[in-house]
Amino acid sequence: MSRRTVLAIAAGAALVLTACTGTGAASKGADAKAPDDPAKVSGTIKVLTQRTDLVQDGTMKKYAAAFNRTYPKVKVEFEALTNYEADVKIRMNTENYGDVLMIPGVVKKSDYPRFFASLGTRAERAGKYRFTDFTTVDGKVYGQSPIGVAPGFVYNKKVWREAGVTHWPTTPAEFLSDLKAIKSRTDAVPYYTNFAAQWPLTSWTFVNGSVGCDTGATTKLAEGDPWAKGSDLRVGDTLLYDIVHQGLAEKDPTTTNWELSKPQLAKGKIATQWLGTWAVVQFRDAAKKAGANPDDIGFMPFPAQVDGKFCAVVGPDYNQAVNVHSKHKEAARAWIDWFTDKSGYDRDNLAISPLKSAPLPDVLKPYEEQGVKLIELDDTEGARVKAIDDQSEVGINKPDYRQDLVDLARGARKGSLDSFLAGLSGKWTEAQKTLGS
């Protein structure tokens, strides 16, 4: 998942829609059907986006120009929002929230039909597209992500080689040993938490599924204890704790800087960060600007194997949807289909295509070569997991508890790791009981 998605989920957990006007429109005209004849589709549509950078540098305008070669009678206008989640949350109390928008994390999955037009049934779309479960309500799909992402370690291959590490670690213990080698044999910071930026810490939640290679990992969060012995989140959180506790991260996490960390990793001053496929293009761009070698930027899976193979979860970024109140649903649907299928947005971002038939991006070629198994999580219980998380106030998609974990590991907070994780377990299981699990 991308930085923006992480922020979306984190913000969404803290926000509540207070009202929704004009909801009667959802009962009729709630489908956004795919157009039969592009030449007949017309209208002006507004696309809300969080990609302020792509609007400012003209990239989105170029996409629109390419779209118009197929749909000449549709005018596409973009509105980029810096504080996307908060701004769209306010707009969704009216009917005026664009014709196409990214589904905010604030919206409950069960409420999708109130706000978004259906793109078709899951049965129709699942054969062609990835991630349909994430926006399916009662058999209908209400959103489509234009890209897929996978979590992993962005790392400087040159630094790791200089430390004598020539293969990916297969266990957390081996990973820690490799970081120790980096610390002793190079001048690089072995691991960088990006503590001060906060949102990168939430990326550690996305070890869920990858550690145990389990497509039912989300269901386990809904039904069991996420920090039980051997569970994916416990393994991930323990590794983060050990990295910091053993002095393998930056000296003062409170002074970290996200933007500066990109050229620092590119130049070999930082060795490793846990992020996702979406970050690779940014770090390679930083390498070019810094006069470093972009090919030194690598990507590796979490250090755990099942039956001798690494696994990595593939999930959606923001999902695009059609406003249920849009007066130009056909044109809005045309944009979503074209942007997903034809724009090349996935390739431009070195991302995983939502089309099941598409090849993997170059950034994941090493995964193919080493037989890393890519899995998609069953999101049937996703809405329940979010409800439990909200009730428990744990915040698995917020930075707070992992900031506390890092503080515990570096001695800025009292207690033991076992008691800390037991506290999370207690809150979570109590919330399950309250909600009737």
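Side-chain contact, W227 with D237: a donor N or O sits under 3.5 Å from an acceptor N or O. The closest side-chain donor-acceptor pair between Y112 and N319, if any, does not fall under 3.5 angstrom. Of the N and O atoms on the side chains of D418 and S416, not one donor lies less than 3.5 Å from an acceptor on the other residue. Side-chain atoms of Q144 and T135 include no donor-acceptor pair closer than 3.5 Å. Side-chain atoms of E250 and T256 include no donor-acceptor pair closer than 3.5 Å. A donor and an acceptor atom, one from each side chain of D341 and Y129, are located under 3.5 Å apart. For the residue pair T429/D225, the side-chain donor-acceptor check at 3.5 Å is not satisfied. With no hydrogens or angles considered, a side-chain donor-acceptor pair links E174 and H167 at under 3.5 Å.
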Residues 291-307 side chain polar contacts: donor-acceptor under 3.5 Å, at least two apart:
residue: N293; atom: OD1; partner: D295; partner atom: N; Å: 2.9

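Applying the disulfide (SG to SG under 2.5 Å) rule to pairs touching residues 221-296 yields nothing, sequence neighbours excluded.
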Worked check of side-chain hydrogen bond (donor to acceptor under 3.5 Å, both in side chains) between R234 and S425
CA-CA 10 Å; R234 188 181 186 96; S425 295; 5.5 Å; no
Would you sort out whether D232 and K220 count as a side chain to side chain contact (heavy atoms under 4.5 Å, CB included), showing the intermediate values?
CA-CA 10 Å; D232 286 14; K220 285 186 176 180; over 6 Å; no
Given F206 and N397, is the side chain to side chain contact (heavy atoms under 4.5 Å, CB included) satisfied, shown in steps?
CA-CA 9 Å; F206 309 133; N397 291 307; 4.0 Å; yes
Begin with the C-alpha distance, continue with both residues' side-chain angles, and end with the deciding distance and a verdict on side chain to side chain contact (heavy atoms under 4.5 Å, CB included) for Q403 and Q198.
CA-CA 7 Å; Q403 282 197 313; Q198 298 186 334; 3.5 Å; yes
Check against salt bridge (charged side-chain N to carboxylate O under 4.0 Å, His left out), E368 and K365
CA-CA 5 Å; E368 284 188 293; K365 290 299 182 185; 3.4 Å; yes
For side chain to side chain contact (heavy atoms under 4.5 Å, CB included), just list the numbers for L179 and K183, CA-CA rounded to whole Å, side-chain angles, deciding distance to a tenth of an Å, and then say yes or no.
CA-CA 6 Å; L179 293 188; K183 183 176 182 179; over 6 Å; no
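For NZ of K251, the number of neighbouring non-hydrogen atoms (other residues, nucleotides, ligands) closer than 6.0 Å is 12 at most. Heavy atoms of other residues, nucleotides or ligands lying less than 6.0 angstrom from NZ of K373 number 12 at most. The 12-atom threshold is not exceeded at CD of E393, counting heavy atoms of other residues, nucleotides or ligands nearer than 6.0 Å.
Using a 30° and 60° split on the angle between ring planes, F131 and F134 fall in the perpendicular class, above 60°.
With hydrogens and angles disregarded, a donor-acceptor distance shorter than 3.5 Å links the side chain of R333 to the backbone of L119. Remark: the backbone N or O of D407 is not paired with any side-chain donor or acceptor of R413 at under 3.5 angstrom. With hydrogens and angles ignored, the 3.5 Å screen pairs no side-chain donor or acceptor of D378 with any backbone N or O of G216. Judged purely by atom type and a 3.5 angstrom limit, S231 uses its side chain to pair as donor or acceptor with the backbone of P226. Here the side chain of W204 pairs no donor or acceptor atom with the backbone of G236 at under 3.5 angstrom. Of the possible donor and acceptor atoms, none in the side chain of S177 sits under 3.5 Å from a partner among the backbone N and O of A173. Using a distance-only test at 3.5 Å, with no hydrogens or angles considered, no donor-acceptor pair links the side chain of Y192 to the main chain of L265. Side-chain atoms of R130 come within 3.5 Å of backbone N or O of S353 as a donor-acceptor pair. Not a single donor-acceptor pair under 3.5 Å links the side chain of K109 to the backbone N or O of T380. Side-chain atoms of N194 never come within 3.5 Å of backbone atoms of A197 as a donor-acceptor pair (strictly under, hydrogens ignored).
Taking the side chain as every heavy atom from C-beta outward, P399 and W199 never approach each other to under 4.5 Å. D214 places none of its side-chain heavy atoms less than 4.5 Å from the side chain of N208. Residues L101 and Y84 are in side-chain contact: their nearest non-hydrogen atoms beyond the backbone lie under 4.5 Å apart. Put simply, the side chain of V235 does not reach to within 4.5 Å of the side chain of V207, judged on heavy atoms. Side chains of I396 and V385 form a contact here, defined as non-hydrogen atoms less than 4.5 Å apart. For the pair L421/Y241, no side-chain contact is recorded, criterion being any heavy-atom separation below 4.5 Å from C-beta on.
Residues S392 and W428 approach most closely at OG-CE3, 3.8 Å, considering heavy atoms. Taking every heavy atom of both residues into account, F283 and S261 meet most closely at CE2-O, 3.9 Å. Nearest heavy-atom pair across A312 and S210 is CA-OG, 3.6 Å. Of all the heavy atoms in P146 and P354, the pair that sits closest is O-CD, 3.1 Å. Closest non-hydrogen pair, V244 versus V406, comes out as CG1-O, 3.9 Å. When all heavy atoms are compared, the tightest approach of A286 to A266 is C-CB, 4.3 Å.
Taking the ring centroids of Y367 and W168, they lie under the 6.0 Å cut-off. Ring centroids of W335 and F78 are separated by less than 6.0 Å, placing the two rings close together. Between Y155 and W160, the gap from one ring centroid to the other is short of 6.0 Å. The aromatic ring centres of F175 and F153 sit less than 6.0 Å apart.
In this structure, the separation between CD on Q320 and CG on D337 is 10.0 Å, given to the nearest 0.5 Å. The OG1 atom of T255 lies 9.0 Å from the CG atom of N257; values are rounded to the nearest 0.5 Å. Atom CD1 of I270 sits about 12.0 Å away from atom CD1 of I182, to the nearest 0.5 Å. Of the inter-residue distances, the one linking L233 atom CG with L221 atom CG reads 6.0 Å to the nearest 0.5 angstrom. Within the model, atoms CG of N349 and CZ of R51 stand 5.0 Å from one another, a figure rounded to the nearest 0.5 Å. Rounding to the nearest 0.5 angstrom, the gap separating the SG atom in C213 from the NZ atom in K309 is 10.0 Å.
None of I352, D317, I147 except one satisfies the side-chain contact (heavy atoms from CB on, under 4.5 Å) rule with D346; the exception is I147. Checking each of M92, R91, Q50 against P104 for a side-chain contact (heavy atoms from CB on, under 4.5 Å) leaves exactly one that passes, namely M92. Of the residues T136, D138, V137, the one that meets the side-chain contact (heavy atoms from CB on, under 4.5 Å) test with R122 is T136.
The residues D389 and K398 are annotated as not salt-bridged, no charged nitrogen and carboxylate oxygen being separated by less than 4.0 angstrom.
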